[in-house]
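Heavy atoms only: backbone and side chains are in, while hydrogens, waters and symmetry mates are out.
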Amino acid sequence: MKKLVSLLLAACLLLLFAVGAAETANEKNPNSGGVNLNPYDADGDPSNGIKSGDLPEVIQKRMQNKGVELPVLRLLPLGFAVTVTYYDETNGVVIDEIVHGVWRGGEITVTAPTLSGYTLVPDQETSVTFKDVLEDKAVTFNYTQDGPVLYTLTVQYDTFIRPTDVYQIGADEFPFTVWAQPVAGYVASGGDVSHTFEFNGADQRYIFDYYAVGTSAPSWFTVYYVDQATGKSIASPLFYADGSGIGWTVFAIPIPGYTAQAPTTYTFLSHTHDEAYTFYYTKDD
């Protein structure tokens, strides 16, 4: 009899222990179905959770022996990943995707950065906000690649004795040479039959001068634009032909990254010979 009573007492104690353990687990994590396990790895990174059936067999047996029910459940991770992709329809992924972390039920805003050489497609949101996050999220910002920067080269033929030519070229197409086009009844002045545009980071203009057949060739005025410190040309020289006898006033043209030094104007007087003038510039800091 004493042995039977001892067995009954032991069984009761075991049952009370199992029930107490289950209740304690439920209090610690009411969403876990009574199993309080950490779904994070040693580094604290969120996992996607595990099922109780994935627990090692020896742990399952011990829990079963204690009368603890093993429900099939998915443990809830404490955080999630928000993956951001930057995509161009032509070139695919522009830069490596970025993964942000956010706590369960938290809020995160991701913003499309400014990428050199790319522009967000029209109507593309510049930022996306996720609230009350309960799962992994993903967002894609779509870009289009910018076209190359083009520079406008304008070629004028004297006082518009033929239509002006306009070229748009990229930086890699410099130097760019143009030629004086034939015009009936006119001759290009002083053998001015070609001009080469050098790259200066700005739009440029050149005027071919002509004189009518049967008249005398005019005097040539040449204007140079030079870096005062280095003595190097920083813009294509301009050429003027004056057969009027009244002279010609020229100005220092604006050049990106440089400031013209005084004087910034010069007047070529009427001469019977060619003349040149140089405008000097200093490089901006």
Taking all atoms of both residues into account, what is the closest heavy-atom pair of [X] and [Y], and its distance?
X: S127; Y: T109; result: CB-CG2, 4.2 Å
X: A112; Y: Y143; result: CB-OH, 3.6 Å
X: Y86; Y: I98; result: OH-CD1, 3.6 Å
X: T177; Y: S194; result: CG2-CB, 4.3 Å
X: A235; Y: N200; result: CB-ND2, 4.1 Å
X: R104; Y: F80; result: NH2-CZ, 3.3 Å

Practice prompt. Show your working on side-chain contact (heavy atoms from CB on, under 4.5 Å) between F221 and V250 and close with a plain yes or no.
Written response: CA-CA 10 Å; F221 301 146; V250 293; over 6 Å; no
Distance in Å, [X] [atom1] paired with [Y] [atom2], rounded so as to fall on 0.5 Å steps:
X: T126; Y: L120; atom1: OG1; atom2: CG; value: 7.5 Å
X: T164; Y: I207; atom1: OG1; atom2: CD1; value: 9.0 Å
X: Y258; Y: I253; atom1: OH; atom2: CD1; value: 12.5 Å
X: D132; Y: L134; atom1: CG; atom2: CG; value: 4.5 Å
X: K137; Y: T83; atom1: NZ; atom2: OG1; value: 12.0 Å
X: D146; Y: T119; atom1: CG; atom2: OG1; value: 3.5 Å

Does atom [atom1] of [X] have more than 12 heavy-atom neighbours from other groups under 6.0 Å away?
X: D96; atom1: CG; value: no
X: E125; atom1: CD; value: no
X: Y281; atom1: OH; value: yes

If two hydrophobic side chains count as joined below 4.5 Å and joins carry through other members, does [X] share a cluster with [Y]?
X: V102; Y: F130; result: yes
X: I255; Y: Y224; result: no
X: L238; Y: V178; result: yes
X: I161; Y: F208; result: yes
X: V99; Y: V82; result: no

Worksheet item: For Y266, which residues count as a side chain to side chain donor-acceptor pair (under 3.5 Å) partner, sequence neighbours excluded?
Response: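 Side chain to side chain donor-acceptor pair (under 3.5 Å) list for Y266, sorted by chain: E275.
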Worksheet item: Can you name the side chain to side chain donor-acceptor pair (under 3.5 Å) partners of Q156, sequence neighbours left out?
Response: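 Result, side chain to side chain donor-acceptor pair (under 3.5 Å) vs Q156: R205.
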Measuring only between side-chain heavy atoms, which start at C-beta, is [X] closer than 4.5 Å to [Y]?
X: Q261; Y: T282; result: yes
X: V84; Y: F141; result: yes
X: Y277; Y: P263; result: yes
X: L115; Y: P113; result: yes
X: E107; Y: T129; result: yes

Worksheet item: With under 30° as parallel and over 60° as perpendicular, where do the rings of Y186 and Y210 fit, or are they tilted in between?
Response: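 Because their plane-to-plane angle is over 60°, the rings of Y186 and Y210 count as perpendicular.
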Fill in: Aromatic plane relationship, F197 with Y206 - under 30° parallel, 30 to 60° tilted, over 60° perpendicular
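Rings of Y206 and F197: perpendicular, as their planes differ by over 60°.
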When you measure from the side chain of [X] to the backbone of [Y], do you find a donor-acceptor pair of N or O atoms at a distance under 3.5 Å?
X: S236; Y: E198; result: yes
X: D203; Y: T152; result: yes
X: Q124; Y: V121; result: no
X: Q168; Y: V166; result: no

Item to complete: Decide side-chain contact (heavy atoms from CB on, under 4.5 Å) for T265 and T267; before the verdict, give the C-alpha distance in whole Å, the side-chain angles of both, and the deciding distance to 0.1 Å.
Response: CA-CA 7 Å; T265 65; T267 299; over 6 Å; no
Worksheet item: ring-ring contact (aromatic ring centres under 6.0 Å, His included): which pairs involve residues 158-185, sequence neighbours left out?
Response: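 Passing the test, one end in residues 158-185: Y167-F176, F174-F199.
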Discussion item. Checking D165 against Y157: is there a side-chain donor and acceptor pair closer than 3.5 Å?
Written reply: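 Side chains of Y157 and D165: pair found under 3.5 Å.
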Item to complete: Using distance alone, with no hydrogens and no angle criterion, decide if T144 and D88 have a side-chain donor and acceptor under 3.5 Å apart.
Response: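 No - no donor-acceptor pair under 3.5 Å links their side chains.
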Practice prompt. Please step through side-chain contact (heavy atoms from CB on, under 4.5 Å) for the pair H100 and I108, ending with a clear verdict.
Written response: CA-CA 9 Å; H100 302 275; I108 186 173; 3.6 Å; yes
